[in-house]
Undergrad: 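Take this structure, written in C-alpha cells, and hold onto it; I'll ask about it next.
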Amino acid sequence: MTALLKLEGVVAGYGRGDILRGIDLELEEATITCLVGPNGAGKSTVLKTLSGLLRPREGTIVLAGEEISRCSPAELLARGIVHVAQERSLFPLMTVWDNLLMGGHILRERPLVRKRAEAIAERFDLVRDRRDERAGALSGGQQKLVEIARALMLEPRLILMDEPTMGLDPKARHLMFEMVAQLNEEGRTVLLVEQNARAGLAIAHHGAVLDNGCVALTGPGKSLLDDPRVAELYLGGAPAAA
Amino acid sequence: MSRATTAGLVRGGAFAAAGIAFPFVFHAAWIVNIGVLTLMYAALATAWNLFSGYTGYITLGQAAFFGLGAYTLGITFEHVGVGSGYNPFYALPLVGAGIALVSVPVAWIALRTRHMTFAIVTLTLLFIVQQLAFNLRSLTKGSTGLMLPTPRFPIDSYDTPFYLAMLALLLAGLALCWLILRSKLGLMLLAIREDEEKARGLGIRVTGAKLIAWSLMVWLSAMVGGVWAYYLTFIYPESSVDPLVMIGAVLMTFLGGRGTLWGPTIGALVLVPTQQYMITKLGASQLYLVGYSAVFMVVLLLLPRGILPSLRGAIDSRRERRRTHREPVVREEAHA
Amino acid sequence: MHQVIQAIILGVLVGGIYALMASGLTLVFGIMKVINVAQGALVILAAYLSYALFSHVHIDPFVSILIVTPAMFVLGVAVQLVFVRSLRGPDGSELSLLVTWALALGIEGVLSVIFKTTYRVTSPSYADSSWSVFGYRISEVRLFAFVASAVLLVLLSLLLTRTRFGRAVRATVQNPTAATLLGVDANRVQTLSFGLGVSMAAAAGAVYGVIYPFNPGSHYDLISRLLSIVVLGGLGSLGGAVFASLGMGVIEAIVAVEISPVWASFSFFVVLLAFLLVRPQGIFGVRERVL
Amino acid sequence: MSAALLEIEGLTKRFGGVTAVGDCSFSVPEGSVTALVGPNGSGKTTAFNLITGYLRADAGAIRFAGSSIRKPNPVSLARRGLTRTFQQARVFPDLTLVQNMVAALQQPWRAALRRAVRKPEQARALELLEEFGLARLAEERAGNLSYGQKKLLEFAAVLMADPRLVLLDEPTAGVNPLLVDQIEQRIRDLNARGLTFLLVEHNMNLVMRLSDPVVVLDHGTKLAEGSPDVVRTDPRVLEAYLGG
C-alpha cells in the first residue's frame, strides 16, 4: 500500500497559541482512517490544516508526492481534497440544487457541473426528490447527506469528514456510517473525525488517537478499540467500564 | 483605567492653567477665534468619547444635540429672554439637562440595536433634528435662520468670554471623564464595551449605565452648541445640525485615541488648526472638503488606533521585552 | 381618496428608484459587513456624469445608464481595493463607516469644485410629459425610471440566482466559511460585489438626475433615506430593502398630500424609530445572535 | 434529598424547524452539584441559555429559590443569585484581573461614582484570586492570560457576588489536566460551603466523581436522571452517549 497523504511535524494554531504541536500521520490510499481523541485535542484543526483553512506554521504535508502545505482551499480542491465541516455547512436559503452546484464551484465549465450534479441526483434520492427546496428546511441528517453529496461534485480522492454524525439520531447515524463505507468502496480515501470513538474505529481501517496536539497512538482501528489506553484517554475510565 | 496619580493631577492643572492664560497672552482676535473653535471641537470630541469611546457604541447623532442646544438657546432668547452678557452662560447647564432628559427615551429605543444599526439609527436622529429646524418655522424661522442678540463685550477682547466658556465646558468634560474612569460606573462601561453579554450575566445594569453615559454626552454637546450659537449670533439648520461638525469630532477622537482621557483633546489640538489653515488656504467647502477628506483617510488608514494608544502600545511592548528577559509572565497553553 | 391613490402611485414609482440604490448598499453589507456611506455621494456622482453626457454629448439619460454603470463599477472596484479592503479586525466595520464617509466628503468636494453648488437637473424633451390613466396622472420620466429600476433589479436577482458568480455571492453571505471550503475566493467576491453595489448606485443616479434637481450636497439627503431603508428592511436583506423602499415612497407621498410635503421624510424617520421599538432587527433582518 | 433550588418544567425551544430543547424538565436540589450531560448537540448549552435568559423559551416554566421566573433576564437573575460562566471563557480582556473580579460585584446605583476598586473589594478579589492560584497575576491584563487561566478567572469572578447557584458551562473544556484538578477541587470546596452548582461537562470521569444527581439530555429532552451509578448503568444512556 502506498501513502496518499503524509503529514510530518505539522504545527498549527490560531493567534499566539499552537494547537497542533507536531503531527505525524500517514493515510493509505483507499482506506478509512479515524481520528479520535478528547475534546480540544486538535482533531478538527488537523482537518482545517489539510483543507487550507489554516496554514501550518511548521512541517510538511505531502499529497501523492507533491508538497501541498502552502496551497489555498481552491488549489486543494483541485487536487481532490474536500472537507465536510463539522458545523452545518449548507447554504440554508439556497435550494438543494444550488447547494449542489456550489460544490462544483471551482469547475468552470457549466455543462460539466450540470452533468455531475445530475449524476449525483441519480445516486441520492434525497437530492432528486427535494432539489428545489431550501436546504435550511431539511432535517439535520438530510442536510449532512446533501453536504456529502455536494462534496462528491469534485469526485475527490480524499474526503475529510468532521464528526458527520454529530447531532444525528441513531438511524441517521447508522446511514452516515454506511455512506462512509460506501465512499471507501468506491476507492476514495476518508479521514474521519469521530466523537463516537467506538463506531468510528469500528468502520475504520486505521485509527489515530490525538492527545494535546500530538498523535499519541496509531494502529488498526479494531485493535485500538480494545486498547485500554484509548479508553483511558478518550472515553474516561468509569463509563467505559460499564 | 486611569488612576488618580499626582502626575495626572499636575497634568490636568497645567493644562487648565495654560488654557486660561492663552487668550491673555495671545490677544489677536483670529488666534483666540481658532482657540474657541479648537476648544469647541475638543469638548465635542470629549463628549463623544465619553459615550462612544467608553461603551463601544458608535453614535453618529451627536450633531443633533449640538444643534438642539444651539436652537434652544436661540429660541429662549427669542421668546423668553435669557438676559445678555454672561447670563446665557449660566442658563446653559439647565438647557443641556433639559435636552439630555428629552433624549433619553429616544436613546432607549436606539440602544435596542447594536453595532452598525445603532450607528445608523443615531445618524437618523441628526436628520430628524435638521428637518425639525427647517420645518418648525414658527420657532426656528426655518432656512432663513435665527438671529441672536449680540452681547456687548469689549471689542478688543470680544472672543475671550466665549473662549473661557468653551474651556470651562472642555474642563468639565475632562473632569467627568476622569471621574467616570476611576469610578464603578467607568468599570461598568468598560465591561460593556469589552463584552456586553458577559456583563449582563454578571448582573451589571447595562442599559442604565449606557443611558447615563449617553445623557452626559448629550448634556455636554448641547451646552457646546449653546455657546457656539451665542458666539456666532446667527444660526440656520445646515450649519447648526452639521454632519461635518460631528464627523470632525469623531475623527479627532479617532486620531487622539478612543477610550482615553486626553485623546480627543490631543486630536482636536492637532486637527482644528490644520483645518482652519486649510480653510484660509483653500477656501471654505470646495477644495477644502477634498483636503479634509484626504486628512481623514490618512488618519483612519494609517493610524486607526489613535495617537495615545499607539504610543502606549509602543511603550508597553518595550517594557514587556525588558521584562521577559527576567521572568516569563504568562505562558500560552492549549486552546479548545 | 383619489389623492391618496395618486400618492400611492407616485410613492411606488419613487420607491422603485430607492430600491435600486438601497439594494447595492444592503448587498455590500451582507457580504462584508461594510456600510458604504458614500452610496449617496456615488448616486450624485453618477447623476452628474449622466448630466454631463446629456448636456455635452446629447446622450439620453436612460441610454447613459449603459455608459455610467460600467464606469462606476470600475470605480467601485478601485475604491474597495484602495480603501475598504485594508479595514480588517474587530473595528473594521465601524472604521468602514468613517472611511466611506470621508470618501463621500471627497466626492462632494470634487463635484463642488467642478460643477459648483448650483442645482442641476437633467431635462430631456419628455421631462414634463405625463399620461393619464383612469384619471390618475403618471409622469413619463418617473414611469421610465421605475421601469428601468425594476429591470435592473430583476437583472440583479438573475445574476445572483442564475450565475456562478451570483451563487458564490449568496453562498458567501449565508456561510462564509463553507463558501471558502468550496473554493470561493472571498477577496474576489468582496471586491466584485462592492463594484456591483456601486454600479447599482450609478444606474439609479443616472435616473435620479432626471427626476430631482441635485447639487453636490444632495448626498446627505439621499444617504439618510438609504440608511433608514436598509435598517428598516433588515441589514443585508435584499427583499427587505426593496420592501422598505416602496414603503418609504408610499409613506412619504401620502404624508406629503395629506399633511404637508415638508414633513414627508421626517415622518419616515419617525416610522423607522417606532418600528425599531417593536423589531430592532428590521423587517427581514435576523436578530444579531447574542452568543 | 433537599428542596429544589432550581426547577425546570417543560422547557422548549425551536430554531426554525429544529427542536433544540423539547419539553425538558429537571430540577437542581439545593446544595447539590448537578450535572447536565449528553452527546454533542443534545441541547445542553441551549438549556443553559434559556435558563439564564440569554434566549427566550417557546414554552416552559422556571422556578428559582421558590419564586417563578416569568421572563428570565440575565441581569436580574444574576442579582438574585443565579449566575453562569460561558463555554468559551469570557472575561474583559482590557481590564486587569482585579478589575475583572470587582466588575462582577453587583452595585447599587448610589455606588456608581465611588472609586472603581475600593480597598475591601480589592482584598476580597485578591483572596479569591489566591484560592484560584491567580493572585500573582492580579494586576495583569486579563487578555494576556492563557485559555485555562481565563476559565479560572471567569469562575472566580462569578463568585464575587456570593451567588446561590452557579451554572458552569464546560468548566474544563480545553484546559490542561493540572488546571482540571484545580477546578474540580474548587467546585468541591465551594459546594462543601453550601454553594449549589449546575454544570455541563464532557469529561465523564469528572462528572461521575463530582456530581449527584446527573441529568442526561438527548435530542433536547431528558433521557435519564439520578445518581451517577443509576445513570451509568442505564442502557439508554449508554446507547445515546457512547453510541453502544
Side-chain angles (χ1 to χ4, degrees), chain B residues 1-4 53-54 56 175-176 178-213 215-216 258-260 305 309 312-313 316-317 319-320 323-324 327-336, chain D residues 52-54 73-81 83-96 99-100 102-107 109 111-118 121 136-137 140-149 151 154 157-158 160-161 163 167 170 173-176 179:
Chain B
M1 298 290 289
S2 79
R3 293 187 189 82
Y54 296 167
L176 267 176
W178 177 77
L179 202 68
I180 286 174
L181 273 180
R182 67 191 281 282
S183 72
K184 299 214 174 290
L185 178 60
L187 200 56
M188 292 183 215
L189 294 175
L190 294 185
I192 290 169
R193 183 179 71 186
E194 311 246 298
D195 189 339
E196 183 166 350
E197 291 310 325
K198 173 68 189 167
R200 294 201 317 145
L202 293 174
I204 294 177
R205 288 166 170 153
V206 294
T207 312
K210 286 184 286 188
L211 284 177
I212 291 176
S215 325
L216 291 174
R258 270 171 298 166
T260 62
R305 286 173 65 206
R312 207 167 286 162
D316 277 358
S317 64
R319 209 177 279 159
E320 188 77 16
R323 192 168 51 177
T324 43
E327 48 150 358
V329 191
V330 187
R331 302 293 318 159
E332 195 70 20
E333 56 183 76
H335 284 245
Chain D
T52 49
Y54 279 93
N73 156 347
V75 179
S76 61
L77 282 172
R79 288 180 163 256
R80 290 170 118 176
T83 181
R84 71 172 290 183
T85 64
F86 291 85
Q87 196 171 353
Q88 291 288 319
R90 285 170 90 162
V91 296
F92 305 119
D94 254 354
L95 304 187
T96 66
Q99 286 170 340
N100 262 280
V102 176
L105 270 176
Q106 289 133 17
Q107 303 289 349
W109 279 121
L113 283 183
R114 294 227 181 101
R115 189 176 276 273
V117 178
R118 305 172 73 210
E121 294 163 352
R136 74 193 174 89
L137 302 169
E140 198 67 43
R141 275 179 69 244
N144 290 341
L145 296 182
S146 74
Y147 185 74
Q149 287 168 326
K151 285 232 141 185
E154 191 185 25
V158 299
M160 280 296 279
L167 278 64
E170 300 201 24
V175 171
N176 77 28
L179 289 183

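The structure presented is a predicted model; accordingly, all values stated were derived computationally and were not measured. Each chain gets a letter, A, B and so on, in the order the sequences are listed, and its residues count up from 1. Scope of the values below: all heavy atoms of this structure, side chains included, with no hydrogens, waters or symmetry mates.
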Undergrad: Return the option, out of D:Q87, D:R118, D:Q106, with the maximum number of heavy-atom pairs under 4.5 Å with chain B.
TA: D:Q106
Undergrad: Within this structure, what is the CE-CG distance for the pair D:M160 and B:L202, rounded to the nearest 0.5 Å?
TA: 10.5 Å
Undergrad: So which residue, B:G208, B:G203, B:G201, ends up with the most heavy-atom pairs under 4.5 Å with chain D?
TA: B:G203
Undergrad: Does any backbone or side-chain atom of D:A161 lie under 4.5 Å from a heavy atom of chain B? Answer side chain, backbone, both or neither.
TA: neither
Undergrad: Could I get the full list of side-chain contact (heavy atoms from CB on, under 4.5 Å) partners for B:E194, not counting sequence neighbours?
TA: D:F92, D:P93, D:D94, D:L95
Undergrad: If you take all heavy atoms of D:L77 and D:G53, which pair is closest and at what distance?
TA: CD1-N, 4.4 Å
Undergrad: For chain D, find which of B:L185, B:L179, B:D195 contributes the most heavy-atom pairs closer than 4.5 angstrom.
TA: B:D195
Undergrad: In chain order, what residues pass the side chain to side chain donor-acceptor pair (under 3.5 Å) check against D:T52, with sequence neighbours excluded?
TA: D:R84
